[in-house]
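Structure record follows, encoded as C-alpha cells.
Note that these values count all heavy atoms, side chains included, but never hydrogens, waters or copies made by symmetry. Just so it is clear, the model here is predicted, and its values are computed rather than measured.
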Amino acid sequence: MLRFDEVCEADLADVLRIEQLGFPPEEAATLAKIQLRHRDAPHLFIGAYDNDADNNDGSPAGRTLVGFINATATVSDVLTHESMSCHDPRGATICIHSVCVDPSRRRQGVALALLAEFRRRLARQASDPATRSPQSLVPPKRIALAAHDHLVPLYVRAGYTVLRESPLVHGPDKWIELQMDL
C-alpha cells in the first residue's frame with residue numbers, strides 16, 4: 001500500500017538515486033539542487049512510500065521511497081529559467097521540477113497517484129490558510145511543469161492542459177509546458 005508524506009532529509013540520498021534513474025545525466029538534478037529545494041520548500045517535496053512488510057506502522061524506519069515530486073513556487077504565471085531556479089514564498093504558481101518513480105514501480109500508477117496527492121494537498125492549502133506552510137505566503141493558484149513529448153499523455157490524464165512548447169532549454173530535447181489551475 002502506498003503512503004504519501006513530505007520527504008524527510010534522511011530520504012534525500014534515495015531521491016537522488018531515483019532522480020538519476022529517471023533523467024539523463026544532463027537533466028538530472030544534483031544532490032545540492034535537491035537539498036536546496038528540500039530546504040526552501042519541504043512542503044512541496046512529496047514522497048510515495050511502500051510500507052515494509054515487517055513494519056506496517058508508516059514510520060520513516062518502516063517505509064521505502066518509491067517515487068517523489070519536488071517543486072518550488074514562483075510569482076511568474078509561466079515557466080522560465082528564472083522561475084525554475086529558486087523558491088519564492090510569494091509565488092502562487094507551483095513549478096514541478098521532478099516527478100520520478102523507481103524503475104521497479106513504474107507503470108503501476110505511482111506517478112498518477114503522486115500527482116493526484118500533490119494536487120489534493122495544494123487545493124487544501126489554497127482553500128484553508130491554516131494548512132499553508134510558512135514557506136508559502138500566498139495560496140497556490142496553479143501547478144506548472146515541463147515534460148518531454150512521451151510523458152505528455154501521463155500529465156493530461158492527471159488533469160494538466162498543454163500550454164505550449166516551452167522556451168526552457170535543459171538538455172538536448174524539447175520540453176512541453178503544461179499547467180493545471182487549482
Side-chain angles (χ1 to χ4, degrees), residues 2 4-7 15 18-19 22-24 26-29 33-34 37 40-48 66-102 105-129 131-133 135-182:
L2 282 180
F4 301 99
D5 199 0
E6 287 184 13
V7 171
V15 166
I18 295 170
E19 173 92 9
F23 287 99
E26 64 274 7
E27 295 177 9
K33 185 60 86 173
I34 289 168
R37 292 175 189 160
D40 291 348
H43 64 294
L44 299 176
F45 216 130
I46 306 302
V66 297
F68 69 90
I69 291 178
N70 68 37
T72 53
T74 181
V75 295
S76 176
D77 289 342
V78 294
L79 301 179
T80 64
H81 282 287
E82 184 180 339
S83 71
M84 297 289 287
S85 66
C86 62
H87 175 68
D88 186 337
R90 299 167 299 143
T93 300
I94 306 304
C95 303
I96 292 180
H97 297 277
S98 300
V99 177
C100 288
V101 176
D102 188 276
R105 292 300 309 273
R106 290 185 188 154
R107 303 223 173 260
Q108 297 175 33
V110 176
L112 278 172
L114 262 167
L115 288 162
E117 176 67 17
F118 193 71
R119 185 177 130 279
R120 272 192 295 276
R121 287 172 183 244
L122 290 175
R124 190 169 47 242
Q125 291 174 24
S127 64
D128 182 1
T131 64
R132 211 167 304 135
S133 165
Q135 288 96 344
S136 288
L137 301 178
V138 298
K141 291 183 180 175
R142 73 192 59 78
I143 308 170
L145 62 90
H148 291 304
D149 285 330
H150 71 281
L151 291 173
V152 168
L154 166 73
Y155 295 111
V156 170
R157 275 196 318 269
Y160 289 80
T161 302
V162 175
L163 289 184
R164 63 185 179 159
E165 186 171 323
S166 178
L168 296 174
V169 177
H170 188 63
D173 298 325
K174 74 175 183 172
W175 295 88
I176 305 299
E177 190 169 333
L178 298 100
Q179 205 171 85
M180 173 191 288
D181 289 329
L182 294 170

Shortest non-hydrogen contact from E19 toward E27: OE2-O, 4.3 Å

Sidechain-backbone polar pair: S166 side chain, A146 backbone, donor-acceptor under 3.5 Å: no

Heavy-atom pair of closest approach, residues F4 and A48: CE2-CB, 3.8 Å

Nearest heavy-atom neighbours spanning A29 and I34: CB-CG1, 3.9 Å

Approximate separation, where rounding is to 0.5 Å, of L154 CG and R107 CZ: 9.0 Å

Check against side chain to side chain contact (heavy atoms under 4.5 Å, CB included), V66 and Q108: CA-CA 11 Å; V66 297; Q108 297 175 33; over 6 Å; no

Candidate pair D77 and R142, rule salt bridge (Lys or Arg N to Asp or Glu O under 4.0 Å), full reasoning: CA-CA 8 Å; D77 289 342; R142 73 192 59 78; 3.3 Å; yes

Check: L178 and V156 side chains under 4.5 Å, non-hydrogen atoms: yes

Minimum heavy-atom distance between A92 and P139, given as atom pair plus value: CB-O, 3.6 Å

C95 and L79, any side-chain heavy atoms less than 4.5 Å apart: yes

Nearest atoms (heavy-atom pairs only) where A111 meets V99: CB-CG1, 4.3 Å

From E165 atom CD to W175 atom CH2, the distance as rounded to the nearest 0.5 Å: 12.5 Å

Test log, rule side chain to side chain contact (heavy atoms under 4.5 Å, CB included), inputs L137 and D88: CA-CA 9 Å; L137 301 178; D88 186 337; over 6 Å; no

Backbone of S76 reached by a side-chain donor or acceptor of T74 within 3.5 Å: yes

Closest heavy-atom pair and its distance - L44, A73: CD1-N, 4.1 Å

Check: R106 side chain, V101 main-chain N or O, donor-acceptor pair, under 3.5 Å: yes

S133 side, atom OG; E6 side, atom CD - distance, nearest 0.5 Å: 7.0 Å

Derivation and outcome, side chain to side chain contact (heavy atoms under 4.5 Å, CB included), residues L2 and R105: CA-CA 11 Å; L2 282 180; R105 292 300 309 273; 4.2 Å; yes

Matching residue for T72 among H97, Q135, H87, R37 - test: side chain to side chain donor-acceptor pair (under 3.5 Å): H97

Spatial distance of atom CD1 (I143) from atom CD (Q179) [nearest 0.5 Å]: 9.5 Å

Candidate pair R119 and L182, rule side chain to side chain contact (heavy atoms under 4.5 Å, CB included), full reasoning: CA-CA 8 Å; R119 185 177 130 279; L182 294 170; 4.1 Å; yes

Straight-line distance of D5 CG to I46 CD1, nearest 0.5 Å: 7.5 Å

Close side-chain approach of Y155 and I96, heavy atoms under 4.5 Å: no

Separation of I94 CD1 from S136 OG (nearest 0.5 Å): 5.5 Å

